[in-house]
Novice: 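Handing you a structure now.
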Amino acid sequence: MLKERARAVAYWVWTMDLLLTTAAFLAAWAIRSHLGPRILPGLFPTELYPLRLYLGLLPLVLGIWTLLLVTRETYTSRRTVSLATEAWHVAQVVGMGTLALAASGWLLRLDFVSRPFLGLFALLNLGLLLAEKLILRTVARGVRTRGYNYRKLIIVGLNMRSEEVARIIEEHPHWGFHLMGFVAPNGDRPETFAGRPVLGCADDLPDILQQEVVDEVFFILSRRQLDEFEDEVLLCSELGIRARVALYFPNLKARALREELEGIPLLTFTTTPGAPFPLFIKSLVDRLVSFIGLVLLSPLLLAIAIAVWFTSKGPVLFAQERCGLNGRRFKLFKFRTMRHDAADRREEVAHLNRVNGPAFKAEHDPRVTRVGRLLRRTSLDELPQLANILRGDMSLVGPRPPIPEEVARYERWQRRRLSMKPGLTGLWQVSGRAAIDDFNHWIRLDLAYIDQWSLWLDLKILFKTIPAVLSGKG
């Protein structure tokens with residue numbers, strides 16, 4: 001009954017979304033065609049083409065929006081989804097839909113589709129859809145808080161994680177979950193746990209599920225305990241009761257993702273970002289920016305190459321084996337800033353290292369050439385790494401790629417910095433890189449970047465990199 005009600009609600013919300021999109025489309029035409037020329041004749045000097053032309057475009061708009069709304073999971077349960085996440089999904093639908101509509105107009109040579117009209121339509125559509133989601137969320141949460149439209153659930157397992165889940169549910173009554181109680185593994189069991197009754201043990205669960213009204217069961221168990229409840233998980237499937245399984249690993253700090261391999265369900269644990277669309281955008285921006293950078297900076301690259309070649313012996317480029325994503329080896333390119341025999345003289349300058357770890361960093365390294373010192377101060381020696389980014393070995397933003405000898409000396413917890421593609425710049429570079437001599441501090445900054453990664457964080461780091469480079473610090 002609840003599933004049928006949820007589907008009915010989803011159909012109504014979908015209908016409302018399309019009606020609001022239609023209203024935004026018509027309102028954009030009216031504002032641009034009639035209101036705009038009267039209020040802002042300088043910006044909108046003429047009226048648009050007749051409405052009948054735009055009405056012929058409306059079915060295409062509704063088709064694009066329907067596809068995007070469904071693929072962005074707008075009609076799945078939003079009980080535990082934050083307002084910011086839902087707003088971001090709506091913004092993605094409107095943004096991608098507007099781009100698709102503009103591309104369709106260009107491909108079909110629809111000259112009457114103007115950019116001001118598309119801009120107005122996108123703004124109106126975004127505003128109406130966000131207002132709708134806010135109203136629906138407010139009404140739904142108010143109804144659930146008053147005890148209506150709730151789902152009755154049982155938590156199977158008595159441990160710290162099941163207690164935490166119970167507490168979270170109690171703190172969010174607007175989610176609409178009513179916790180009936182707990183079910184313990186077979187053996188001795190308490191009467192209550194975390195302030196809720198213990199309804200029985202593993203052997204009692206089949207009777208509980210068939211005699212009581214239960215909508216969902218949360219199995220929060222260790223790996224060994226899961227075997228004990230295997231039949232009960234299958235029973236939930238037979239009874240049409242939603243079963244959620246959370247394996248309890250007390251010391252595991254990782255995100256769990258549900259995936260499929262040709263129909264085979266997989267539970268994936270990862271400490272790295274797993275959102276495919278933002279990661280795709282990151283990769284796309286990397287390739288695009290690196291290609292444009294190599295083209296636009298080619299005169300500067302040529303000038304630096306000539307300066308390096310004329311002022312010291314040896315090759316113009318310094319190629320060194322580095323460790324990339326998950327330890328993959330690749331050749332990193334830089335303009336050579338040291339004497340050609342720098343590697344042979346490494347032991348002579350070992351005492352200058354001021355980093356307490358496997359990395360090497362010397363403030364006044366005598367092996368650095370005069371041109372090399374200027375290139376390092378301005379970070380221009382790093383520019384050839386745009387080719388590494390274009391090849392896919394590196395990213396614009398990420399942890400710096402270490403050499404294999406350094407990685408061989410890592411402690412186990414430090415190796416997680418290899419779980420994201422290395423970058424041209426990163427969090428430690430814009431956090432006072434010249435003053436950071438503690439290697440563990442470097443690692444923690446890289447791990448903080450991995451744990452907090454977002455496109456917005458990459459953008460902030462890129463903007464902070466500019467003054468860090470111009471100031472010559474580090």
Side-chain angles (χ1 to χ4, degrees), residues 10 13-32 36 43-44 48 54-76 78 81-137 273-289 291-292 395-397 452-463:
V13 174
W14 170 71
T15 302
M16 182 62 67
D17 286 343
L18 295 188
L19 288 175
L20 291 175
T21 300
T22 302
F25 187 87
L26 298 176
W29 179 86
I31 292 173
R32 171 62 186 86
L43 186 60
F44 305 115
L48 287 179
Y54 286 83
L55 291 178
L57 187 63
L58 190 56
L60 176 62
V61 173
L62 298 181
I64 293 173
W65 259 246
T66 296
L67 178 64
L68 292 172
L69 286 166
V70 172
T71 55
R72 294 309 300 157
E73 299 182 349
T74 307
Y75 304 115
T76 56
R78 318 301 283 177
V81 175
S82 68
L83 178 60
T85 300
E86 190 168 14
W88 172 238
H89 287 169
V90 171
Q92 286 179 311
V93 168
V94 175
M96 290 187 289
T98 304
L99 289 175
L101 187 58
S104 300
W106 181 77
L107 291 173
L108 300 175
R109 299 185 181 280
L110 303 177
D111 297 333
F112 60 88
V113 181
S114 66
R115 284 174 292 181
F117 166 77
L118 289 176
L120 281 172
F121 168 55
L123 288 175
L124 291 172
N125 188 220
L126 179 63
L128 290 175
L129 290 181
L130 288 179
E132 175 211 20
K133 304 305 178 188
L134 180 60
I135 293 172
L136 288 176
R137 176 179 290 261
F277 185 74
L279 289 173
F280 166 75
I281 295 297
K282 176 181 175 68
S283 177
L284 187 64
V285 170
D286 285 340
R287 302 295 178 90
L288 185 62
V289 171
F291 176 76
I292 295 174
S395 176
L396 288 172
V397 183
Q452 302 169 19
W453 180 82
S454 67
L455 291 174
W456 176 241
L457 178 59
D458 272 8
L459 188 62
K460 289 196 293 185
I461 291 174
L462 287 172
F463 277 123

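Keep in mind that what you see is a predicted model, and the values were worked out from it rather than measured. FYI, the numbering just counts along the sequence from 1.
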Novice: Who are the salt bridge (charged side-chain N to carboxylate O under 4.0 Å, His left out) partners of D458, not counting sequence neighbours?
Specialist: K282
Novice: Using the side chain to side chain contact (heavy atoms under 4.5 Å, CB included) criterion, which residues pair with L457? Sequence neighbours excluded.
Specialist: Y449, Q452, S454, K460, I461
Novice: Which pairs pass side chain to side chain donor-acceptor pair (under 3.5 Å) with one or both residues in residues 93-107, sequence neighbours excluded?
Specialist: none
Novice: Under the side chain to side chain contact (heavy atoms under 4.5 Å, CB included) rule, what do N125 and W65 come out as? Steps first, then yes or no, please.
Specialist: CA-CA 11 Å; N125 188 220; W65 259 246; 2.7 Å; yes
Novice: Aromatic rings F121 and F25: how do their planes relate, parallel, tilted or perpendicular, breaks at 30° and 60°?
Specialist: perpendicular
Novice: Would you check, one step at a time, whether the test side chain to side chain contact (heavy atoms under 4.5 Å, CB included) holds for K133 with V13?
Specialist: CA-CA 9 Å; K133 304 305 178 188; V13 174; 3.6 Å; yes
Novice: State the CG-CE distance between L101 and M96, to the nearest 0.5 angstrom.
Specialist: 14.0 Å
Novice: Walk me through it: do I31 and L124 pass the test side chain to side chain contact (heavy atoms under 4.5 Å, CB included)?
Specialist: CA-CA 11 Å; I31 292 173; L124 291 172; 4.0 Å; yes
Novice: Which residues satisfy the side chain to side chain contact (heavy atoms under 4.5 Å, CB included) test with L288, sequence neighbours excluded?
Specialist: I292
Novice: Using side chain to side chain contact (heavy atoms under 4.5 Å, CB included) as the criterion, list what pairs up with L123, not counting sequence neighbours.
Specialist: none
Novice: Between the side chain of T21 and the main-chain N/O of D17, is any donor-acceptor distance below 3.5 Å?
Specialist: yes
Novice: Among residues at least two apart in sequence or on other chains, which ones pass side chain to side chain contact (heavy atoms under 4.5 Å, CB included) with A100?
Specialist: I64
